[in-house]
Protein chains: 2
Amino acid sequence: MMDDELLAVRVAELYYDENKTQDEIGGLLGISRWKAGRLLAQARESGIVRIEIVHPRARRLAMERALRDSFGLADAVVVPTPENELGVQARVAQAAADFLTSLRPVPRVLGVSWGRTLTDVSERMPEGWATGVTVVQINGGVSLNRRPGTASTLASTIAQRANGHAILLPSPAILERLATKKAIESDRTVAAVLERAVEANAYLYSAGVVDANSAHVESGYLRPDDMEELARRGAIGDVVGRYIDANGNIVDPALDERTLGISLDTLRSAAMAILVVAGTAKHDIARAVVTSGLCTVLITDEATARALLEDS
Amino acid sequence: MMDDELLAVRVAELYYDENKTQDEIGGLLGISRWKAGRLLAQARESGIVRIEIVHPRARRLAMERALRDSFGLADAVVVPTPENELGVQARVAQAAADFLTSLRPVPRVLGVSWGRTLTDVSERMPEGWATGVTVVQINGGVSLNRRPGTASTLASTIAQRANGHAILLPSPAILERLATKKAIESDRTVAAVLERAVEANAYLYSAGVVDANSAHVESGYLRPDDMEELARRGAIGDVVGRYIDANGNIVDPALDERTLGISLDTLRSAAMAILVVAGTAKHDIARAVVTSGLCTVLITDEATARALLEDS
DNA sequence: CCCCCGACTGCTCATGTGAGCACACACGCA
DNA sequence: TGCGTGTGTGCTCACATGAGCAGTCGGGGG
């Protein structure tokens with residue numbers, strides 16, 4: 001066969017652009033119907049024919065399969081990274097909202113963390129996405145945040161749109177003193193929430209990075225030099241307020257003791273823990289979470305997924 | 001149906017990325033096999049699914065059809081414009097070479113013009129593209145050109161690779177005086193070539209633009225201020241050395257009289273006249289040629305084709 | 001109130017398509 | 001030369017797919 005590739009191009013053109021049948025193409029190019037078919041398959045495989053699904057809500061199923069296999073996840077959702085690099089979080093948040101909406105069985109109790117990403121997710125939940133879901137906050141809130149109440153409105157929004165109700169955790173994320181934390185934790189109102197939190201059917205959370213403009217610093221729970229110290233100790237980022245290293249281990253036990261919310265072990269042993277994470281900055285923390293078994297479901301963008309798969 | 005589009009995306013993903021069968025998809029998404037099929041067709045139509053043939057030799061068959069219909073061409077070849085904008089001519093030249101190679105019936109006598117584009121075409125003709133084709137030069141050569149002999153080597157190359165022979169036109173393109181032109185034209189050697197030229201089965205030529213670094217200026221046939229004058233008179237570009245306006249009419253009859261080669265009417269009444277034209281600069285001259293019936297076959301790039309179709 | 005119209009659905013049936021198979025041919029090795 | 005091997009070809013057959021069609025539903029207009 002002299003120039004197979006060129007012929008494959010002709011076949012692909014006639015098939016896809018002109019939608020001729022393989023038989024017609026065969027007749028037209030003087031080859032058998034089967035040869036045309038084989039050339040076509042070859043063209044698709046070798047990438048001469050590229051089939052692309054261009055839609056904001058489109059997913060990358062091949063990568064999802066790879067992620068599930070590589071990290072033993074129950075499920076994975078990968079959305080294409082948009083060109084402008086800014087809409088990534090929006091895309092991923094939308095994907096998370098879609099995932100929750102079509103999740104079966106519908107979780108009766110959903111544990112949620114807080115942060116910019118999850119706020120975005122909450123706003124994208126469609127009205128009536130489920131009926132009667134109880135949303136529990138799983139770690140301390142952001143009452144000190146400049147935009148007050150984001151943590152609580154986030155949970156409330158998700159709950160309301162499912163005609164359910166939210167159970168909020170009336171506590172800071174990190175306490176200054178261990179004693180205070182113990183005291184708050186044993187308070188009836190707080191303890192009751194935590195009890196519901198560990199019983200959740202599913203957890204939805206994001207992850208933060210060790211960075212001076214983290215929500216923890218912005219909210220005043222940690223100071224910039226605390227961050228530097230954490231980084232020095234090998235912290236990669238945080239999950240439900242708890243700072244971990246590349247292996248998913250707690251970096252600073254003393255600090256962790258003062259952090260109020262469900263434990264990482266609760267997350268690890270959960271039937272369903274959904275991590276929503278987007279953007280280049282979060283590649284490392286995403287890897288840490290995924291490799292240390294903290295999530296069963298990963299929802300992310302294509303670039304992050306590729307980064308995870310590259311060195312698995 | 002609440003959100004048809006989103007469903008179409010899911011179907012497309014499962015069909016193209018996961019190659020599930022439409023029946024499987026139906027079962028998976030809780031819709032009938034036929035609905036899945038219809039959604040798929042819809043997704044392709046609405047552009048959610050984009051099927052692209054990425055190959056230097058790929059063509060744009062839909063545009064070719066449109067060009068044939070709009071301008072009454074016998075045939076048209078449109079190649080995708082590459083990203084770098086520089087390889088356009090190479091792509092189009094390759095397409096022209098391919099077109100000639102697979103042209104049936106094989107022309108016994110092929111009339112050729114000269115220029116950068118055609119030189120490119122000649123170099124891309126495959127060895128043994130045909131057998132025994134006589135290649136005739138149809139307009140005056142470029143003996144004064146800095147790279148001497150391009151016009152003749154171009155014709156010779158095409159002829160040699162078809163195991164045929166070239167008939168060269170031993171004359172300048174434009175003569176300084178009408179008397180000289182008449183004299184040369186009536187010379188036996190020149191007249192004989194022109195006789196063969198008008199008998200050609202097919203013509204292959206390109207087009208030039210009215211510009212100070214045109215090959216005509218570079219070769220010394222015209223001066224920069226001649227060009228300005230031509231532009232002032234409404235000249236768009238030249239075809240086989242003859243300058244025309246947007247309607248395909250000769251701009252300067254006196255100049256045209258001094259130009260040696262086949263007439264535009266010969267071209268217009270030819271059974272096959274193949275115009276090879278590439279690049280943004282040549283959109284206008286391409287339009288003039290195509291609308292005034294100077295060619296029966298157009299070989300060009302996608303951007304040029306689009307420009308032609310936009311205001312037809 | 002009913003009826004008509006259009007959009008949508010799920011079907012039948014003809015056609016298009018891919019997996020698997022037998023053969024043919026060219027090549028390298030004994 | 002004879003033999004295996006591997007690639008490429010055209011076939012059969014089962015399955016996937018699209019065109020066309022009748023039934024259904026819902027929303028205006030008489």
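Naming convention: chains lettered A, B, ... in sequence-line order (proteins, then strands); numbering from 1 in each chain. Worth knowing before you read on, the calculation uses all heavy atoms, side chains too, and leaves out hydrogens, waters and symmetry mates. On a predicted model such as this, the values are computed, not experimentally measured, just so you know.
Expressed to the nearest 0.5 Å, how far CZ of Arg59(A) lies from CD1 of Ile53(A) amounts to 11.0 Å.
Following rounding to the nearest Å, Asp23(B) (CG) and dG10(C) (C1') show an atom-to-atom distance of 13 Å. Rounding to whole angstrom units, CD1 of residue Ile31(A) and P of dG10(D) are separated by 9 Å. Spacing between atom CG of Leu40(B) and atom P of dG16(C) amounts to 18 Å, rounded to whole angstrom units. The distance from atom CG of Leu14(B) to atom P of dA16(D) is 16 Å, rounded to the nearest whole Å. Atom C1' of nucleotide dG18(D) and atom CG of Leu39(B) are separated by 15 Å, given to the nearest angstrom. Separating the CG atom of Asn19(B) from the P atom of dG18(C) is a distance of 11 Å, rounded to the nearest angstrom. Protein atom NZ of Lys35(B) is 17 Å distant from nucleotide atom P of dA19(D), rounded to whole Å. Atom pair Lys20(A):NZ and dT17(C):C1' shows a separation of 18 Å (rounding to whole Å applied).
Listed for the Asn84(B) side chain is a donor-acceptor partner under 3.5 Å among the backbone atoms of Gly87(B). When atom types are taken as modelled, the side chain of Thr300(B) and the backbone of Ala278(B) share no donor-acceptor pair closer than 3.5 angstrom.
Taking each heavy atom of Leu308(A) and Val290(A) in turn, the nearest pair found is CD1-CG2, 4.4 Å.
The side chain of Gln22(A) places an N or O atom within less than 4.0 Å of a non-bridging phosphate oxygen (OP1 or OP2) of dG18(C). The phosphate of dT9(D) (OP1 or OP2) has no side-chain N or O of Ser32(A) nearer than 4.0 angstrom. Close to dT17(D), at under 4.0 Å from its OP1 or OP2, lies a side-chain N or O of Thr21(B). At the phosphate of dA16(D), neither OP1 nor OP2 sits under 4.0 Å from any side-chain N or O atom of Tyr15(B). In terms of phosphate contacts, Arg44(B) brings a side-chain nitrogen or oxygen within less than 4.0 Å of OP1 or OP2 of dG18(D).
Closest contact between the side chain of Trp34(A) and the listed nucleotides dC13(D), dC11(D), dT17(D) involves dC11(D).
Of the two residues contacting DNA chain C, namely Gly37(A) and Arg38(B), the nearest-nucleotide position lying further toward the 5' end is that of Arg38(B).
A side-chain donor-acceptor contact under 3.5 Å links Arg44(A) and Tyr16(A).
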